[in-house]
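These notes concern the structure reproduced below.
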Number of protein chains: 2
Amino acid sequence: MKEKPVDRRTLRTKKLLRQALVELMEEHGLERITVSQLTERADVNRGTFYLHYKDVIDLLQQIQEEVLGKLSELGDEIDVRDLMRAAERDEPYQAIVRILELWQRNADFCGLMLGPRGDPSFVLRVKGLMQAKLFDKLSDMIPPEQQDKLQVPREYLIAFVSSANVGVLQHWFASGCRQTPREVALIMTRLINYGPLASTGLVKSGGSSKP
Amino acid sequence: MKEKPVDRRTLRTKKLLRQALVELMEEHGLERITVSQLTERADVNRGTFYLHYKDVIDLLQQIQEEVLGKLSELGDEIDVRDLMRAAERDEPYQAIVRILELWQRNADFCGLMLGPRGDPSFVLRVKGLMQAKLFDKLSDMIPPEQQDKLQVPREYLIAFVSSANVGVLQHWFASGCRQTPREVALIMTRLINYGPLASTGLVKSGGSSKP
DNA sequence: CATTTTATTGAACATGTTGTTGATTATCGA
DNA sequence: TCGATAATCAACAACATGTTCAATAAAATG
């Protein structure tokens with residue numbers, strides 16, 4: 001399953017192109033970027049670009065796949081029951097913290113992708129990863145015979161929560177990653193479990209009580 | 001403040017180009033679109049395009065401005081107190097319904113912009129409009145001396161809620177606008193006021209109770 | 001270290017897009 | 001009907017594209 005681009009030269013080239021892409025996207029947005037600009041900025045021969053990528057979008061997508069792959073792996077380690085237990089103790093769930101650390105490690109690229117010059121399809125895929133977990137959680141908490149009686153359609157509930165958490169991520173990056181992954185994880189946990197209003201701490205709420 | 005492009009010819013041209021843009025963006029995404037494709041699809045001379053727009057992005061942005069302008073006008077008619085009163089009666093707030101009707105009227109363009117081939121900067125500006133209102137609401141509900149004691153930083157709270165609602169919008173469009181604006185407005189109201197968990201209707205919650 | 005393998009370079013090519021221009025035609029508003 | 005103006009058409013140089021090939025540089029290997 002795993003390929004070997006072990007040659008240091010290709011590694012160097014790809015790093016340079018990735019960096020150049022991030023820079024140029026932050027400056028102009030994806031639409032205005034040309035292969036010529038890209039290779040000039042990266043100080044790489046234009047022909048070399050085509051040895052690795054079909055076009056600018058292909059470059060972008062290959063980087064995305066890399067990040068999303070790792071993200072998906074870490075996501076698989078989430079156990080919904082552990083998450084709920086952590087939430088009850090008002091502690092950040094460790095698996096979530098590790099995911100946020102991954103985000104932080106790729107802050108340059110990820111911050112770009114989630115920002116105004118980013119890629120909506122990337123954001124949608126991130127939401128998709130999240131929704132799989134939320135679906136589990138929901139099915140876990142709600143007995144099947146009651147699934148149809150929700151006050152809000154399940155699909156909208158899931159769309160709401162996943163989008164909300166991506167919003168938290170976006171704000172984290174947009175404001176320069178001032179919080180630690182632990183802090184952000186705690187913020188997310190509180191908002192999901194007790195809802196935005198109750199999370200002000202100013203009104204009472206039943207919160208997450210198991211039936 | 002208001003210009004007059006009254007000539008039917010320019011109106012026709014702009015309509016055609018807008019339609020062609022939506023079609024091509026849905027097919028290829030913004031990056032791959034060329035002025036040549038655009039004018040060919042719209043059956044308009046290429047030179048004519050440059051009489052109205054600087055480039056493809058300029059075309060996109062002019063349409064965005066139009067929509068965002070109307071959106072902002074309708075947004076100004078929101079009164080936070082009315083909104084909260086409607087929420088307590090579990091009814092959709094009329095001003096929100098009108099806004100959703102505007103979205104629906106421009107479904108082709110708006111659905112595109114909020115979707116996988118859309119424009120993140122547009123989405124951010126929509127969130128921005130929403131955040132202004134949320135800021136009002138928050139300041140309204142919470143006495144100034146308590147603003148620093150929130151369990152979750154205010155900025156994150158706002159990012160969470162605005163992003164969540166845009167997520168609802170996105171799901172509405174992505175699933176083909178099957179609900180009426182009234183229904184969507186009600187979904188939003190419930191989710192904001194009682195939080196995602198309580199909105200399942202399966203756990204009790206204090207909900208929106210004024211201090 | 002020497003050798004083989006492979007990535008990168010630089011130049012050239014036809015092709016297509018761009019943004020602009022000037023002359024012409026068609027359509028609009030009055 | 002008629003003057004104004006928008007749309008068309010053809011042509012332009014400048015630039016980006018995607019591909020090629022020989023030459024060169026730097027890797028991996030024994």
Side-chain angles (χ1 to χ4, degrees), chain A residues 1-66 112 117 119 121, chain B residues 1-66 112 117 119 121:
Chain A
M1 280 285 148
K2 207 128 197 197
E3 286 126 47
K4 302 192 182 186
V6 275
D7 197 314
R8 291 184 247 158
R9 287 170 294 181
T10 77
L11 236 57
R12 184 191 107 99
T13 302
K14 292 192 171 186
K15 286 272 179 210
L16 288 173
L17 286 174
R18 171 184 162 139
Q19 184 54 32
L21 178 70
V22 171
E23 285 179 24
L24 287 175
M25 275 188 76
E26 262 160 4
E27 295 170 16
H28 309 115
L30 182 57
E31 298 77 27
R32 294 226 162 288
I33 295 184
T34 161
V35 176
S36 307
Q37 289 179 309
L38 211 42
T39 52
E40 188 184 3
R41 176 74 63 110
D43 204 35
V44 158
N45 191 276
R46 194 167 64 87
T48 308
F49 177 92
Y50 291 104
L51 292 177
H52 300 287
Y53 308 103
K54 200 163 85 34
D55 52 33
V56 182
I57 297 175
D58 186 40
L59 165 60
L60 180 70
Q61 288 177 340
Q62 285 197 29
I63 305 176
Q64 288 181 353
E65 292 305 326
E66 205 183 316
L112 170 66
R117 307 239 204 242
D119 180 355
S121 78
Chain B
M1 281 284 149
K2 204 122 197 203
E3 286 125 48
K4 299 195 184 183
V6 275
D7 198 312
R8 289 185 245 160
R9 287 171 295 181
T10 76
L11 237 57
R12 182 191 109 99
T13 301
K14 292 192 172 186
K15 287 270 178 209
L16 288 172
L17 286 174
R18 171 183 162 140
Q19 184 55 32
L21 178 70
V22 170
E23 286 179 24
L24 288 175
M25 276 188 74
E26 262 161 3
E27 294 170 17
H28 309 116
L30 182 56
E31 299 77 28
R32 294 227 162 287
I33 295 184
T34 161
V35 176
S36 307
Q37 288 179 309
L38 209 45
T39 52
E40 188 183 2
R41 176 74 64 110
D43 204 36
V44 159
N45 190 275
R46 193 167 64 88
T48 308
F49 177 92
Y50 291 104
L51 292 177
H52 299 287
Y53 308 103
K54 199 163 85 30
D55 52 32
V56 183
I57 298 174
D58 186 38
L59 164 61
L60 180 70
Q61 288 177 339
Q62 285 197 30
I63 304 176
Q64 288 181 352
E65 292 306 325
E66 206 182 316
L112 169 66
R117 309 241 204 240
D119 180 355
S121 77

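Letters go in sequence order (proteins before strands), and every chain restarts at 1.
- Shown here is Glu40(B), whose CD atom has no more than 12 heavy atoms of other residues, nucleotides or ligands within 6.0 Å.
- Take Ser121(A) and apply the side chain to side chain donor-acceptor pair (under 3.5 Å) test, not counting sequence neighbours, and it matches Asp119(A).
- Residue Ser36(A) has a polar side-chain atom (N or O) positioned under 4.0 Å from OP1 or OP2 of dT17(D).
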Inset, instruction - Let me see the working for Thr48(B) and Thr39(B) under side chain to side chain contact (heavy atoms under 4.5 Å, CB included), right down to the final yes or no. - result: CA-CA 8 Å; Thr48(B) 308; Thr39(B) 52; over 6 Å; no

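- Annotation: proximity of residues 17-33 of chain A to DNA chain C (heavy atom, distance under 4.0 Å) is found for no residue.
- When the P atom of dA28(D) is taken as reference, atom CG of Leu11(A) falls 10 Å away, rounded to whole Å.
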Sequence neighbours left out, cut at 3.5 Å: what donor-acceptor pairs do the side chains of residues 54-63 of chain B make with other protein atoms?
| from | atom 1 | to | atom 2 | distance (Å) |
| --- | --- | --- | --- | --- |
| Asp55(B) | OD1 | Ile57(B) | N | 3.2 |
| Asp55(B) | OD1 | Asp58(B) | N | 2.9 |
| Asp55(B) | OD2 | Arg32(A) | NH2 | 2.1 |
| Asp58(B) | OD2 | Lys54(B) | N | 2.9 |
| Asp58(B) | OD2 | Gln62(B) | NE2 | 3.4 |

Name the pairs: protein N/O against N/O of nucleotides 1-6 of chain C, kept only if under 3.5 Å.
| from | atom 1 | to | atom 2 | distance (Å) |
| --- | --- | --- | --- | --- |
| dT6(C) | O2 | Arg9(A) | NH1 | 3.1 |
| dT6(C) | O2 | Arg9(A) | NH2 | 3.2 |

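- Residue Arg12(B) places no side-chain N or O under 4.0 Å from the OP1 or OP2 atom of dA7(D).
- When the side-chain nitrogen and oxygen atoms of Thr13(A) are compared with OP1 and OP2 of dT8(C), one or more of them lie within a distance under 4.0 Å.
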If you look only at distance, which donor and acceptor atoms sit under 3.5 Å apart when one is on a side chain in residues 16-29 of chain A and the other is two or more places apart or in another chain?
| from | atom 1 | to | atom 2 | distance (Å) |
| --- | --- | --- | --- | --- |
| Arg18(A) | NH2 | Asp108(A) | OD1 | 3.4 |
| Gln19(A) | NE2 | Glu23(A) | OE2 | 3.3 |
| Glu23(A) | OE1 | Arg41(A) | NH1 | 2.7 |
| Glu27(A) | OE1 | Arg41(A) | NH2 | 3.1 |
| Glu27(A) | OE2 | Arg41(A) | NH1 | 3.1 |
| Glu27(A) | OE2 | Arg41(A) | NH2 | 3.4 |

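- Here Thr10(B) does not reach the OP1 or OP2 of dT5(D): none of its side-chain N or O atoms lies under 4.0 Å away.
- DNA chain C lies under 4.0 Å from at least one heavy atom of each of the following residues of residues 45-57 of chain A: Asn45(A), Arg46(A), Thr48(A), Leu51(A), His52(A).
- When side chains are defined from C-beta on, Tyr50(A) counts as touching Val35(A), because their heavy atoms get closer than 4.5 Å.
- Whole-Å rounding puts the Glu40(B) CD to dT8(D) P distance at 13 Å.
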